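Small disclaimer: the values here were computed from a predicted structure and weren't measured. Residue numbers start from 1 in every chain, and the chains themselves are labelled A, B, ... in the order their sequence lines are given, proteins ahead of strands.
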Number of protein chains: 2
Amino acid sequence: MAQDLHPPAYLTDTDELVFLIEEVPRKLRRLFDASTARFGLTRTQWRALAYIFRTPGLTQTELAKCLELERASVGHVIDQLEGADYVERRAMEGNRRVWTLHLQPKAMQILPALREEAEAVYQRLFAGVSKDETAMLKRLLGTMSTNLEP
Amino acid sequence: MAQDLHPPAYLTDTDELVFLIEEVPRKLRRLFDASTARFGLTRTQWRALAYIFRTPGLTQTELAKCLELERASVGHVIDQLEGADYVERRAMEGNRRVWTLHLQPKAMQILPALREEAEAVYQRLFAGVSKDETAMLKRLLGTMSTNLEP
DNA sequence: GCTTTACCGTAAGACGTCTTACATTATGAT
DNA sequence: ATCATAATGTAAGACGTCTTACGGTAAAGC
């Protein structure tokens, strides 16, 4: 059997770091999806609800920017949320191209519970990481995100 | 038009950080895929090649652990790489359940160029980030990855 | 006013990954 | 030896996202 090598010596130090950058969100997504599964919601759906809660009347394109998804993907998410009676599309007066998005009562009811789930996941994620360290992490990731901007 | 809010005040500081943790790899993946597209390879395929290069004779299950993918997904990746003559499945003597994975000459030829592409992406990603900071980033992400271990 | 351009959402299809179920083969217990 | 259990890879199908192309609408140029 081939020896266990994590990671192989051929890969550079930077490779290892980049793999970590991808590994953490993958694990996080898995955990979070499990946590919210009882509501029948995915992480993206939950994020969408959060943004619509904060800014009622959002358009899908605006939401796409918030979620960093394509418009078509957001349309799909909203299809789901509308079908489950969490979200309502309303025509915007004066602009018949766009929908405005609003939460239904059913969504308002579950948001607090979802928040609790999120906090539980975060607590686990950041165990042993200090406030200063999370601040630095945020700053570094922010720089990197900007660096990758088109 | 709804005001631009990135991120909305409703979302906590931690939410923002978690969103960044997901945003960076997403942008990174997009950039990297564009860089390697000229070879007709995705990032995952390239990573698979790198691991097989380092440890010839890997099994698919071992590779799945390296890549943090499921076995079925790796099987699919190897199907592709084998179809493109980058990889060869060979029977393992003494265990007829498993395949061992080996690079074809075609793969060996392109690895250096792929490495150059990767370095170019990394240089952009880490612009303005010091060596100490990348070390800290690695340590923090490592902790977080461990925290999320099942 | 009319035309062109830009914007918004949808449709259709591709792709990558996951889950579940399964067939084959090894391993270990008795 | 036999049988139960575990390991390995595959098959089939679901899901989320992306890309491309398109129709409808608004805004801007002329």
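A residue-by-residue look at A:V98 and B:S73 shows that A:V98 has its nearest nucleotide of DNA chain C further toward the 5' end. Residue whose closest nucleotide on DNA chain D sits further toward the 5' end, between B:H76 and A:T42: B:H76.
In this structure, A:R89 reaches the sugar-phosphate backbone alone: every heavy-atom distance under 4.0 Å involves primed, P, OP1 or OP2 atoms, never a base. The residue B:R71 sits close to a base: some heavy atom pair falls under 4.0 Å. Using a 4.0 Å heavy-atom criterion, one finds that A:T61 contacts the sugar-phosphate atoms exclusively. Counting any heavy atom pair closer than 4.0 Å across all strands shown, B:Q80 reaches sugar-phosphate atoms only and no base atom.
A donor and an acceptor atom sit less than 3.5 Å apart, one in the side chain of B:R97 and one in the base of D:dA7.
When the P atom of C:dC7 is taken as reference, atom CD of A:E70 falls 15 Å away, rounded to whole Å. Rounded to an integer number of Å, the gap from A:W99 CH2 to D:dA26 P is 13 Å. Look at CD1 on A:I78: it is 12 Å from P on D:dT17, rounded to the nearest Å. Atom CE in B:M92 sits about 11 Å away from atom P in C:dT27, given to the nearest Å. Rounded to a whole Å, the CD atom of A:E68 is 13 Å from the P atom of D:dT17. Nucleotide D:dA27 holds its C1' atom 15 Å from the CZ atom of A:R96, rounded to whole Å. A:L63 places its CG atom 10 Å from the P atom of C:dG9, with the value rounded to the nearest Å. The CG-C1' distance, from B:D79 to C:dC15, rounds to 14 Å in whole Å.
Taking every side-chain heavy atom of A:L69 into account, D:dT17 is the closest of C:dA26, D:dT17, C:dA11. Among the nucleotides C:dA26, D:dT25, D:dG9, the one closest to the side chain of B:Q60 is D:dG9.
Distances shown here put a side-chain N or O of A:T44 below 4.0 Å from the OP1 or OP2 atom of D:dT17.
In terms of modelled atom types and a separation under 3.5 Å, the side chain of B:K106 and the main chain of B:A84 share a donor-acceptor contact. Distance alone, capped at 3.5 Å, is enough to place a donor-acceptor pair between the A:T100 side chain and the A:R90 backbone. Side-chain N or O atoms of B:K27 include none that pairs as donor or acceptor with a backbone N or O of A:M144 at under 3.5 Å. A distance-only check finds a donor-acceptor pair linking the side chain of A:R124 to the backbone of B:N147 [under 3.5 Å].
At a threshold of 4.5 Å between non-hydrogen side-chain atoms, the residues B:E68 and A:E22 do not count as touching.
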